[in-house]
Colleague: 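One structure coming up, written as structure tokens, with questions to follow.
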Number of protein chains: 2
Amino acid sequence: MFTGLSAFPLTPLADDAVDETAFTGLVQQLAAAQVDSITALGSTGSYAYLSTEERRRVARLAVEHAGTTPVFVGIGALRTSQVLTHLEHAQQAGASAVLLAPMSYQPLTDDDVVGLFGAVATHSSVPVIVYDNPGTTHVTFSTELYGRIAELPRIASIKVPGVPADPQAARARVSAIRAVVPEHVSIGVSGDATAATGLVAGCDGWYSVLAGTLPAPALRITRAAREGRAAEATAESERLAPLWRLFAEHGSLRVVAAIAEQEGLAPGACLPLPLRGLDDEQRARLARVLGDLGLTRQR
Amino acid sequence: MFTGLSAFPLTPLADDAVDETAFTGLVQQLAAAQVDSITALGSTGSYAYLSTEERRRVARLAVEHAGTTPVFVGIGALRTSQVLTHLEHAQQAGASAVLLAPMSYQPLTDDDVVGLFGAVATHSSVPVIVYDNPGTTHVTFSTELYGRIAELPRIASIKVPGVPADPQAARARVSAIRAVVPEHVSIGVSGDATAATGLVAGCDGWYSVLAGTLPAPALRITRAAREGRAAEATAESERLAPLWRLFAEHGSLRVVAAIAEQEGLAPGACLPLPLRGLDDEQRARLARVLGDLGLTRQR
């Protein structure tokens, strides 16, 4: 279940409330595209900005509209007791697994992080995905910390940040992680621009921002890499370089939000304030890039 | 109102709930010590970890138990609408001002930050303190951004991070900020280890972690600096160097929490999990430092 392509849909807002129609539309699109799993309430799903009740509702909607596609649900929060509440709600909603990023405000020690995952591992009755996202959590996982956490019960997968661009360095990085985690724990790459490299280097899956809004190109890359057509995966990722440049410049969330808005998958200004979307000039550039890449109206 | 010493009390927890007795005890101690203001629900007050209802209650308790000492209340949150809710509650509680740190999960642009402060400035009927705390918010304020925000209505003060240790460099830094903010906006230093230097360099006040638990030494530094006895302020701060080293090593919050626990001002393990307090060895070292500095039972 923790291999292949996991697509992270947005949780679009309209007037500061979850746009349930837009959200369920995104989930249905992903199920229809046959992604391997859907991760609701990831960073792309703005989990950190939503209330407990909004998150409970979004988790239910995701499971209800995903058909037979497994749904993973993000349960991160700043306080352990809040995380456990989200865990409980995700389980009640029927999540196949939960995804936990160690959010931080005060910097966390490794012992804090292990304690947090330990609490979740103890209370969870579903598999747990370790979500390493230093750009948002400001927690740096050492390889040793992966090892400590992967030993806990229920840990099923680790979502690692982008791998080095050099294929050999990427392979070395994936091997180093593999060496410290039990065999049943899958390694999934994130950082969409390096996903092809990561998959070719031996990652089991891709936790993908892009796939949450535009599953087709992400599926092409994943299928090619997983079926041994490494050159094809790499070529498709290289073709998307102009898009990855926009991700790097504005953050992937702002870019996919603008794509969803442009494609009619989300209402205008769908991000939670204070996050402003792209400005008009940036949107025009994005539209040109999508057009050049043949990625508009690809549904 | 935005000069002198503002003391940031902890919000101690016991069994994952606010220990109201301990909190009101801290507030009463600060009022009795005659600090110039009390900032409830600062970073030291764990605002980021508390629920809306907990924060509403803590704001009320602070104002009720502070006597005539002005109370400022932290209103930060990840989503603008949540910030406005906290603003409303702080005003209802009788806060003399509110303190806003631009919390982030997704990185914020300068325009996002200005938009957030603009929303608060528009809705607030009390003065607003700009809370620049890059170690927790991961937002970097440029001097130019101070200037943009300080122009908004209701902005009364800027809480700046630690100044350079070199007195001349500190003076240059304070002058550079002063040059871009209107005269009615005060500049308060934080980063306790550099507070004496900051006050001597021309800061109007000190937003202090230490003062929330041990007001006496912070008052000595502040009074000396504000009354032109620069050498005395600097000497007292230098005397506290062993304490500042512990702040740097473990984070000021963990250290003051351990002090409060040791002094009977807070229950054991008073921080919100996943934050673990100091371990036994660290506590023993802290106790020795406090003993050597004559800072135990100083109430």
Colleague: Sort by residue number and list every residue of residues 133-140 of chain A having at least one heavy atom under 4.5 Å from chain B.
Modeller: A:Asn133, A:Gly135, A:Thr136, A:Thr137, A:His138
Colleague: Start with the C-alpha gap between A:Leu108 and B:Leu275, add the side-chain angles, then the distance that decides, and say whether side-chain contact (heavy atoms from CB on, under 4.5 Å) holds.
Modeller: CA-CA 7 Å; A:Leu108 298 181; B:Leu275 301 177; 3.6 Å; yes
Colleague: A:Leu50 versus chain B, heavy atoms under 4.5 Å apart: side chain, backbone, both or neither?
Modeller: both
Colleague: Using a cut-off of under 4.5 Å on heavy-atom pairs, state which of B:Thr109, B:Leu271, B:Asp16 scores highest against chain A.
Modeller: B:Asp16
Colleague: Where does B:Phe117 contact chain A at under 4.5 Å (heavy atoms): side chain, backbone, both or neither?
Modeller: neither
Colleague: Residues of residues 72-80 of chain A under 4.5 Å from chain B (heavy atom pairs)?
Modeller: A:Leu78, A:Arg79, A:Thr80
Colleague: Side chain from CB out, backbone as N, CA, C, O: work out which of these in A:Leu84 comes under 4.5 Å of a heavy atom of chain B, or both, or neither.
Modeller: neither
Colleague: Who wins among B:Leu116, B:Thr52, B:Asp111 for the most heavy-atom pairs under 4.5 Å with chain A?
Modeller: B:Asp111
Colleague: What part of B:Leu253 gets within 4.5 angstrom of chain A, counting heavy atoms only: side chain, backbone, both, or neither?
Modeller: side chain
Colleague: Has the side chain of B:Gln82 got a donor or acceptor atom that lies under 3.5 Å from a matching backbone atom of A:Tyr49?
Modeller: yes
Colleague: Taking B:Arg276's backbone N and O only, do any of them form a donor-acceptor pair with A:Asp112's side chain (distance below 3.5 Å, no angle check)?
Modeller: yes
Colleague: Between chain B and each of A:Pro107, A:Pro102, A:Ala119, A:Pro272, count heavy-atom pairs under 4.5 Å; write down the option with the most.
Modeller: A:Pro107
